[in-house]
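Since the structure comes first, as structure tokens, the remarks are kept for the end.
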2 protein chains.
Amino acid sequence: MAELNERSQKILEAIVKDYIASAEPVGSRAISRRHHFNLSPASVRNVMADLEEMGLLCSPHTSAGRIPTEKGFQYYIDSLLQIRDLSDKEKKQLRSSYRFSGMKMEDIMQEVGRILSGLSKYAGLVMVPKFATTVFRQIEFVRLSHGRLLVIYVSETGLVQNKVISATADIDQRELEKISNYLNRELNGLTINQVREKLKKEMQDEMTLYDQLRKRALSLSFAALQDEIEDQLYVTGTSLMLEQPEFSSPDQMRRLIQTFESKKILIDLLDRSQSAQGVQIFIGSEVDLKGCSLISANFSNRKGAIGALGVVGPMRMDYSQVVPIVDFTAQLVSRVLDREAE
Amino acid sequence: MAELNERSQKILEAIVKDYIASAEPVGSRAISRRHHFNLSPASVRNVMADLEEMGLLCSPHTSAGRIPTEKGFQYYIDSLLQIRDLSDKEKKQLRSSYRFSGMKMEDIMQEVGRILSGLSKYAGLVMVPKFATTVFRQIEFVRLSHGRLLVIYVSETGLVQNKVISATADIDQRELEKISNYLNRELNGLTINQVREKLKKEMQDEMTLYDQLRKRALSLSFAALQDEIEDQLYVTGTSLMLEQPEFSSPDQMRRLIQTFESKKILIDLLDRSQSAQGVQIFIGSEVDLKGCSLISANFSNRKGAIGALGVVGPMRMDYSQVVPIVDFTAQLVSRVLDREAE
DNA sequence: ATTAGCACTCGAGCTGGTTGAGTGCTAACA
DNA sequence: TGTTAGCACTCAACCAGCTCGAGTGCTAAT
């Protein structure tokens with residue numbers, strides 16, 4: 001991106017801010033009046049023309065003002081945006097809105113989403129820790145019917161997953177207990193991925209296994225863990241998005257709701273943000289959310305269980321407001337998870 | 001409801017059917033032409049005026065045709081609607097779209113919702129069996145951190161619920177195992193409600209209890225089961241509803257989405273339908289869904305686990321089409337649950 | 001380099017006219 | 001007496017034309 005001189009920057013910033021506030025095209029006159037750089041509308045217009053040339057602004061039609069393009073927002077966020085920190089008072093307030101004691105994982109995540117969307121007035125997303133990266137704690141088998149077993153496994157953080165598998169032979173509950181005892185001893189403290197690795201390796205030595213119990217245990221737990229467990233995503237406050245003027249037309253509403261309904265797009269996005277540290281901002285068509293941005297952050301605990309949360313709002317959302325909220329919430333959740341796992 | 005003579009009935013039926021097909025006010029001319037009762041538009045008009053008088057029809061404005069009121073739909077459904085049965089071919093087709101083998105409960109429910117909304121082109125609802133009425137199968141405890149326990153309980157049907165409780169004293173995993181063994185033996189085969197009853201009674205004799213283990217077991221499981229477990233609701237295909245012309249205005253869309261988002265209204269409705277047998281139809285403002293109807297049916301298995309499923313569509317939906325689908329799906333799900341629990 | 005001035009553009013909103021579907025009423029008819 | 005043809009009336013939807021005002025781009029003066 002070519003450098004902008006200071007005046008251009010100031011004007012771009014002013015336009016973006018005004019547009020964020022009003023959701024309407026902003027004109028040269030408004031800029032020269034509302035912001036106190038002593039410039040006539042004409043001069044502002046010249047600068048605006050340059051900015052349009054560079055692809056940072058565009059005008060919906062001849063006699064309307066300018067609105068920032070995606071690229072314009074990008075520039076604003078990269079170079080101009082100053083994130084204010086939350087004041088201690090705000091932090092305290094935020095902290096006190098979260099009351100997680102005695103809640104199980106799912107409920108915590110849902111509650112975080114609710115609060116996130118409540119504070120931001122946009123849609124809140126929370127993706128539950130990817131099970132694969134969490135630490136194994138316990139496995140249990142329940143016999144459902146002939147040959148059909150329910151496997152329940154629990155992570156260090158108290159996340160529960162369950163799955164139905166079918167065993168070749170019928171196994172009674174007593175033996176299942178023995179098997180789970182054995183597995184709990186063997187696999188304790190490993191991440192699910194490590195568990196998978198270990199099982200795979202041991203399975204290869206299967207030929208040499210005379211120990212029936214162990215053999216069964218291996219094949220059962222292998223079946224239980226073999227396919228990827230999909231991430232769980234909690235979406236809250238979609239209807240808040242519909243209040244935004246940019247989604248006021250039926251068509252745009254439909255598109256938006258469809259996007260939120262499929263969840264896949266959102267999961268992909270949050271997955272992408274998983275690798276990075278701190279707050280990330282995805283803008284507009286960079287993601288498959290036309291006209292939207294996603295502000296996301298990861299959370300984790302000492303042991304490494306990783307999830308992501310964020311806020312989806314219109315591209316024109318108030319980043320300086322929402323970014324610190326997302327950031328602090330992620331930290332808060334991380335701390336809670338640590339406490340849970342202690 | 002006053003009786004209608006045959007001609008009025010025929011005309012009402014024709015109007016409702018045409019309106020269902022077109023979503024537009026239907027006029028006297030159209031009725032007299034499209035349906036072959038040999039009546040002039042003028043005569044039809046007279047009847048229509050009567051029907052309007054009785055509150056079965058209304059006209060959006062003077063020079064538009066008539067549309068059925070809620071009461072009109074009610075009458076149509078109660079007296080005029082003929083539910084055709086599914087042909088064997090359709091049944092077979094429906095049956096084959098459901099593939100549940102090796103799925104766990106949650107996934108089955110989600111899949112049912114998806115198919116339901118796919119077939120009806122409206123929103124599909126599935127409410128997972130109320131846990132309280134299901135049969136207890138197994139309970140497990142996992143120690144999370146000092147004094148915090150994760151309880152997992154499984155129903156006969158393989159439904160898994162979990163919850164965090166805090167114990168007064170720290171209990172190690174070995175003792176937890178003993179406790180769960182004890183409880184599994186004691187409580188096997190009872191419904192959750194029966195379990196609650198039993199625990200309550202035994203707790204009252206607590207004074208006389210010298211058996212530490214038993215004492216602990218009782219208090220733990222009591223804590224685990226004490227509050228109501230909320231029903232889980234799966235909603236699919238909301239965006240399909242947005243395609244319907246009656247929800248084409250931004251305002252109506254917003255209202256609709258808000259309704260679906262809160263879920264509470266829907267749960268209440270399905271709860272209400274729980275008591276009844278067979279397919280039920282709720283219309284419009286009778287429920288809190290303005291302009292919508294809900295077609296619902298219960299499912300259960302021999303052991304009595306009860307849930308409900310249904311389709312929410314515009315009031316003007318094709319009942320003769322959707323009712324049999326809902327009906328048959330409920331039967332299908334019941335049968336699957338039986339198989340699961342066998 | 002900045003700015004005042006001005007012609008120009010274009011959407012929003014208002015008006016008035018036309019069209020066509022549909023009604024209610026009345027009088028004639030079987 | 002029930003049915004119907006005829007007719008005047010109503011009203012939303014559509015369209016064309018109009019004005020208004022916000023905002024632009026360009027040019028010439030400062």
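Chain A is the first sequence line, chain B the second, and so forth, proteins listed ahead of strands; every chain is numbered from 1.
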* Asked: When you check the side-chain N and O atoms of B:D318 and B:S320, is any donor under 3.5 Å from an acceptor?
  -> yes
* Asked: Counting side-chain heavy atoms from CB outward, which of D:dT10, D:dT24, C:dT23 is closest to B:T62?
  -> D:dT10
* Please report, rounded to the nearest Å, how far the P atom of D:dG21 is from the CD atom of A:E24. => 17 Å
* For atom CZ of A:R29, decide whether the heavy atoms of other residues, nucleotides or ligands shown that lie under 6.0 angstrom number more than 12. => no
* Can you check whether B:R7 has a side-chain N or O nearer than 4.0 Å to OP1 or OP2 of D:dT3? -> yes
* For atom CG of A:L51 and atom P of D:dT24, their distance in whole Å -> 12 Å
* Which residue pairs pass the salt bridge (Lys or Arg N to Asp or Glu O under 4.0 Å) test when at least one of the two sits in residues 57-68 of chain B, sequence neighbours left out? -> B:E52-B:R66
* **Rounded distance in Å - CG (B:D50) to P (D:dT3)** => 11 Å
* Any donor-acceptor N or O pair under 3.5 Å, side chains A:T329, A:D327 -> no
* Backbone N/O of B:E90 and side chain of B:S87: donor-acceptor pair under 3.5 Å -> yes
* Starting from C1' on C:dA1, measure out to CD1 on A:I11 and report it in whole angstrom. => 14 Å
* Asked: Within this structure, what is the CE-to-C1' distance between A:M48 and D:dG25, rounded to whole angstrom?
  -> 13 Å
* Structure fact -> Across all chains, not counting sequence neighbours, the side chain to side chain donor-acceptor pair (under 3.5 Å) partners of A:N5 are A:S8
* **Where at least one partner belongs to residues 13-22 of chain A, residue pairs that pass salt bridge (Lys or Arg N to Asp or Glu O under 4.0 Å), sequence neighbours excluded** => A:E13-A:K17, A:D18-A:R34
* Is there any salt bridge (Lys or Arg N to Asp or Glu O under 4.0 Å) pair reaching into residues 233-251 of chain A, and which pairs are they, with sequence neighbours excluded? -> A:E246-A:R316, A:D251-A:R254
* CD1 of A:I15 versus P of D:dG23: gap in Å, rounded? -> 12 Å
Look for any protein N or O under 3.5 Å of an N or O in nucleotides 4-7 of chain D and output each such pair with its distance, or none.
unit_1, atom_1, unit_2, atom_2, d
D:dT4, OP2, B:S40, N, 3.2
D:dT4, OP2, B:S43, OG, 2.6

* **Rounded interatomic separation in angstrom, taking CG from B:N5 and C1' from D:dT1** => 15 Å
* Rounded off to whole Å, could you give me the CD1-to-P distance for the B:I67 and D:dA12 pair? => 14 Å
Protein N or O to nucleotides 11-21 of chain C N or O, pairs below 3.5 Å:
none

* Going by atom types alone, do A:E261 and B:S239 pair a side-chain donor with an acceptor below 3.5 Å? -> yes
* Looking across every strand, which nucleic acid part, if any, lies under 4.0 Å from A:S28 by heavy atom: base, sugar-phosphate, or nothing? -> sugar-phosphate
* **Distance below 4.0 Å between A:R66 side-chain N/O and D:dA22 OP1 or OP2** => no
